[in-house]
Amino acid sequence: MSTCEINGTRVDFKALNVEDEMPLLWALRDELNLPGTKYGCGIAQCGACTVHIDGEAVRSCVYPIGACNGKKIVTIEGLAATNGNKLTKIQEAWIKHQVPQCGYCQSGMILAAEKLLRDKPKPTDADIDAAMTNICRCSTYVRVRAAIHDVAGTTNTRA
Amino acid sequence: MNTTNVSRREFLQTSAGATAGLVIGFNFPSSNAQSKAPATAGIAAGNVGGTSEVNAWIHITPDNRVLVKFARSEMGQGTSTSLPMMVAEELECDWSRVEISEAMYSEHIKRNRLYVTTATGGSRGTRDSASVMLNAGATARAMLVQAAAARWSVPVSECVTANSIITHTPSKRTVTYGAVAEAASKLKAPEKVALKDPKDWKLVGKPIPRIDIPDKVVGKPMYGIDVVRPGMVHAAIAQCPVFGGKVKSIDAASLAAAKRMKGVADVLDMGEYVAVVGNNWWRCNQAVKSLKVTWDEGGNGNVSSESIKKYMQEGVAKPATLAKTTGDFAKAYADAPTKLEAEFYAPYLDHAPMEPMNCTAEVKDGFVTVWVPTQSAEAAAAAAARAANVAPDKVEVYRQQLGGGFGRRGAFQDFSRQAVEIAMKVNKPVKLLWSREEDIQHGHYRPATVARLQGALDKDGKLVALSARVGVQSILERVRPEALRKTESGPVDPMATSCFDDSPYAIPNLRTEHFYAKQHVPVGFWRAVAHSQNPVFRECFMDELAARAKRDPYQFRMDLLSGTADPVRRDRGVLEAVAKGADWSKPMPANHFRGIAVQDAYGSHAASVVEIEKLANGKLKIKRVVIAVDCGHVAHADAAKAQIEGCMIYALTAALYGEITIKNGRVEQSNFHDYPMMKISETPKIVSLLVPSGGFWGGMGEPPMAPLTPALLNAIFAATGKMHRSLPLSKEGVLFA
């Protein structure tokens with residue numbers, strides 16, 4: 001009973017023979033060939049696997065397929081499609097501020113930032129601290145903060 | 001849903017027949033067939049046309065695109081932009097039409113190490129490439145001009161170049177690079193070309209938008225973990241938890257059950273590890289975890305962090321192997337009125353790049369192909385060749401985008417070897433991916449280190465004698481044992497006593513010794529390597545000595561940096577810059593404290609001031625970090641600053657939390673819950689100061705690491721009067737807000 005919509009396309013996991021226990025991350029990566037969502041820890045610590053499920057930022061490495069039924073899922077590959085096939089303001093700001101280094105965690109970082117701004121269009125630094133718990137080993141944190149403030153038009157008290 | 005990999009695969013297949021000189025970057029990691037080249041500068045996307053190889057580094061198409069070979073690995077440091085910028089600078093080509101193309105390992109080998117090296121480590125990506133790239137651009141430009149001049153029958157001196165167009169000034173005739181590239185490629189390269197004066201650079205050093213970033217905000221780059229090959233199976237493994245051990249047996253019932261698990265194709269006893277292959281990595285990993293394996297642990301099942309530390313403490317308590325001596329330390333120390341002795345400890349550290357170790361391998365008709373996120377195509381090829389027992393020229397390496405490297409993906413290619421071993425066993429292409437747990441528990445760690453320091457001040461409070469006895473395993477022994485210094489009392493790894501042997505301070509009596517520690521824990525090149533711990537020992541001890549001398553730590557250092565040699569002058573320069581940037585001459589507000597440190601590393605010079613606040617609840621808050629770096633010439637101002645930001649958190653994470661501990665011969669930590677990382681909430685303000693003094697190219701990826709931890713510890717020393725000589729701070733009871 002796991003039919004859902006991923007990046008606007010209907011997906012029937014039963015038909016794909018994907019078991020309910022499989023984390024969404026591995027269905028995306030190894031069954032649907034959507035590799036933009038990354039594996040970092042498998043225990044919801046790092047956020048590299050963050051996707052949107054019905055508008056929530058979710059760590060897909062611990063989200064079972066069995067829970068996906070009827071859900072609308074957006075991955076990094078489908079993000080621009082939610083914005084008229086244009087890069088979102090966050091994605092544009094990521095380029096403007098030259099945020100990514102290796103880039104591996106950035107799919108998750110971007111989707112976490114999208115959700116933050118949807119909830120709090122004018123985030124404070126404390127809001128950013130609370131929402132942006134993704135791990136980046138290259139340490140793009142300084143620029144992540146700057147880019148979010150730039151999009152929101154809010155003041156960066158840590159610059 | 002996404003045909004990216006199918007198209008990519010087709011391109012990879014057609015690539016096999018491409019001839020030298022027509023090789024285009026269809027296999028560049030961040031590229032794929034659907035990728036629309038970013039506006040800033042395209043990444044070649046498989047359009048093989050009549051390109052001309054003007055020289056090894058530069059291919060030009062008839063429609064005026066310039067393809068620059070990239071021989072290093074892009075792991076976020078930005079050299080896939082900054083190195084082509086150097087070519088474009090001297091080539092005088094249109095930057096918007098520059099594309100990067102992977103310098104293939106096979107070409108490198110076939111053509112007598114054409115690209116000098118494919119390794120990316122030691123902060124060498126820029127400093128060892130700069131003159132090569134600038135010369136490649138200048139040489140190609142000269143040949144293009146010569147070809148145009150010959151076509152027009154005019155003197156070369158009457159031609160000028162700009163934006164990929166050659167103009168014959170007197171007649172105002174023009175021709176594009178693309179139109180004369182083929183003729184130019186047939187000319188003999190000039191032996192010597194003049195390079196621009198750095199003051200005339202238009203691209204080099206500028207914060208040009210990085211060419212790899214647009215793809216990275218849409219999830220497009222192909223990391224190693226993303227590779228898909230026709231007929232490929234996934235593989236997950238479990239290695240013996242005690243380093244050096246091997247599989248003794250696999251419980252028959254668990255083996256049978258694992259083989260029946262959904263998606264599992266086979267369970268393999270690989271000797272040192274067990275592997276499960278199947279149609280989905282998660283299914284394979286579930287099966288691996290279900291196996292009941294009995295391990296032959298070898299002789300190291302009793303080793304612990306405590307036993308290792310005790311062994312090294314005993315090692316440095318008595319004389320060890322002499323590394324360097326100047327003056328007469330023993331006498332000067334005995335005679336001095338003020339003496340100080342201290343023992344420092346730094347733990348094992350794992351790299352933990354965000355992308356766990358992985359490699360995809362295919363072995364067919366005696367030829368091995370690997371798709372791997374590697375810091376060295378040559379090291380990956382060597383591992384693959386050994387595993388398959390073939391010659392190095394029977395290997396091809398497709399370097400994928402790296403999800404972080406930090407030294408883990410360089411010299412030690414265990415993951416490449418294993419992928420080839422499994423591929424040979426199952427006779428299919430295999431994508432091996434380590435779980436995060438395997439990644440953390442089977443690293444090549446920054447070695448745990450114990451340092452016993454002795455220092456003496458004369459009656460004026462001047463440092464007159466310093467001794468450092470460092471107990472540490474040798475990394476060099478594992479990669480280049482011939483480079484170890486042999487002495488009568490045993491080998492010395494020059495890295496062990498670095499930062500002391502080459503200290504810039506004027507110390508008349510210096511003695512360093514290496515206690516050459518042997519342990520079963522594998523050690524490797526962690527970001528900044530010995531410069532991740534030795535500067536802590538040296539620079540913290542300097543602050544303790546300064547306190548004894550009742551001197552300001554900045555002034556205490558400046559007085560000892562009296563020499564006129566370049567390294568000393570530059571260390572002084574960055575110290576001055578950081579002191580100015582941090583307003584060192586002004587007192588700190590109430591409950592605010594700061595520490596300072598300086599260190600040269602990897603050809604550059606770095607100094608840092610860390611400012612902390614002591615909160616009412618006793619916790620500390622890191623408020624601001626100021627870092628000054630002199631890397632000679634700056635290759636790319638914005639990428640350089642990004643490296644400073646990255647080094648700040650990488651170093652502070654280790655200082656606050658970083659520790660790999662050993663119990664019963666195995667690593668105790670397994671994932672980010674017990675090997676934690678700093679996050680955005682803990683990130684302090686940073687002031688990055690680039691103070692290039694010119695005349696040389698220094699590294700950027702590691703040097704800013706070196707002064708950070710000692711500056712933090714010195715700030716805590718200023719705040720509390722206690723020098724924490726053992727890391728991480730979490731183990732010392734130091735709490736941060």
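Residue numbers begin at 1 in each chain, while the letters A, B, ... track the order of the sequences. Since this is a predicted model, take the numbers as computed values, not measurements.
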Self-check item: NZ/B:Lys206: more than 12 non-hydrogen atoms of other groups inside 6.0 Å
Solution: yes
Quiz item: Among all residues two or more places apart in sequence or in another chain, which pass the salt bridge (charged side-chain N to carboxylate O under 4.0 Å, His left out) test with A:Arg143?
Solution: B:Asp638, B:Glu645
Quiz item: Tell me, side chain or backbone of B:Ala352 under 4.5 Å from chain A's heavy atoms, or both, or neither?
Solution: both
Quiz item: To the nearest 0.5 Å, what is the distance between CD (A:Gln91) and NZ (B:Lys216)?
Solution: 15.5 Å
Self-check item: B:Lys262/A:Glu19 under side chain to side chain contact (heavy atoms under 4.5 Å, CB included): CA gap, chis, key distance, verdict
Solution: CA-CA 9 Å; B:Lys262 183 169 179 170; A:Glu19 55 273 43; 3.5 Å; yes
Quiz item: Which one, A:Leu25, A:Leu79, A:Asn134, A:Ile135, leads in non-hydrogen pairs under 4.5 Å with chain B?
Solution: A:Ile135
Exercise. For this output row, return yes or no: ring centroids of A:Tyr39 and B:Trp282 closer than 6.0 angstrom.
Key: no
Self-check item: Closest non-hydrogen atom pair, B:Gly219 against A:Ser107
Solution: CA-OG, 4.0 Å
Quiz item: What distance separates A:Arg29 CZ from B:Asp226 CG, expressed to the nearest 0.5 Å?
Solution: 4.5 Å
Quiz item: So how far is it from A:Met109 CE to B:Ile680 CD1, rounded to the nearest 0.5 Å?
Solution: 6.5 Å
Quiz prompt | Residue pair B:Ile225 / A:Pro35, side-chain heavy-atom distance below 4.5 Å | solution = no
Quiz prompt | Which portion of B:His234 sits near chain A, non-hydrogen atoms under 4.5 angstrom | solution = side chain
Self-check item: Side chain / backbone / both / neither for B:Met75 at chain A, heavy atoms under 4.5 Å
Solution: backbone
Quiz prompt | Per-residue contact mode, B:Arg283 against chain A (heavy atom under 4.5 angstrom) | solution = side chain
Quiz item: Side chain, backbone, both or neither: which part of B:Ile440 has a non-hydrogen atom closer than 4.5 Å to chain A?
Solution: neither
Quiz item: Quick one: does A:Arg137's side chain have a donor or acceptor within less than 3.5 Å of a partner on B:Gly646's backbone?
Solution: no
Quiz item: Just by modelled atom types, is the A:Asp30 backbone N or O under 3.5 Å from a matching donor or acceptor in the B:Asn280 side chain?
Solution: no
Self-check item: B:Ile213 side, atom CD1; A:Gln106 side, atom CD - distance, nearest 0.5 Å
Solution: 8.5 Å
Quiz prompt | Residues of residues 150-159 of chain A contacting chain B, heavy-atom criterion under 4.5 Å, by residue number | solution = A:Thr157, A:Arg158, A:Ala159
Self-check item: Minimal non-hydrogen separation, B:Val218 against A:Ile76, with atom names
Solution: C-CG1, 3.6 Å
Quiz prompt | A:Gln98 and B:Pro209, any side-chain heavy atoms less than 4.5 Å apart | solution = yes
Practice problem: Identify which of B:Ser435, B:Cys647, B:Pro207, B:Gly78 forms the greatest number of heavy-atom pairs closer than 4.5 Å to chain A. | Solution: B:Ser435
Quiz item: What is the ring orientation for A:Tyr104 with B:Tyr223, classed by angle as parallel under 30°, tilted 30 to 60°, or perpendicular over 60°?
Solution: perpendicular
Self-check item: SG on A:Cys46 to CE on B:Met677, rounded to 0.5 Å
Solution: 10.5 Å
Exercise. Measure the spacing between CZ of B:Phe406 and SG of A:Cys102 and express it to the nearest 0.5 Å.
Key: 6.0 Å
Exercise. Identify which of A:Arg145, A:Glu21, A:Met132 forms the greatest number of heavy-atom pairs closer than 4.5 Å to chain B.
Key: A:Arg145
Self-check item: chain A contact via B:Thr653 - side chain, backbone, both or neither, heavy atoms under 4.5 Å
Solution: side chain
Quiz item: Got a sec: does the NZ of A:Lys89 have more than 12 other heavy atoms crowding it under 6.0 Å?
Solution: no
Practice problem: Can you tell which part of A:Glu92 gets under 4.5 Å to a heavy atom of chain B, answering side chain, backbone, both or neither? | Solution: neither
Exercise. State, without any angle test, whether B:Asn671 and A:Gln45 hold a side-chain donor-acceptor pair at a distance under 3.5 Å.
Key: no
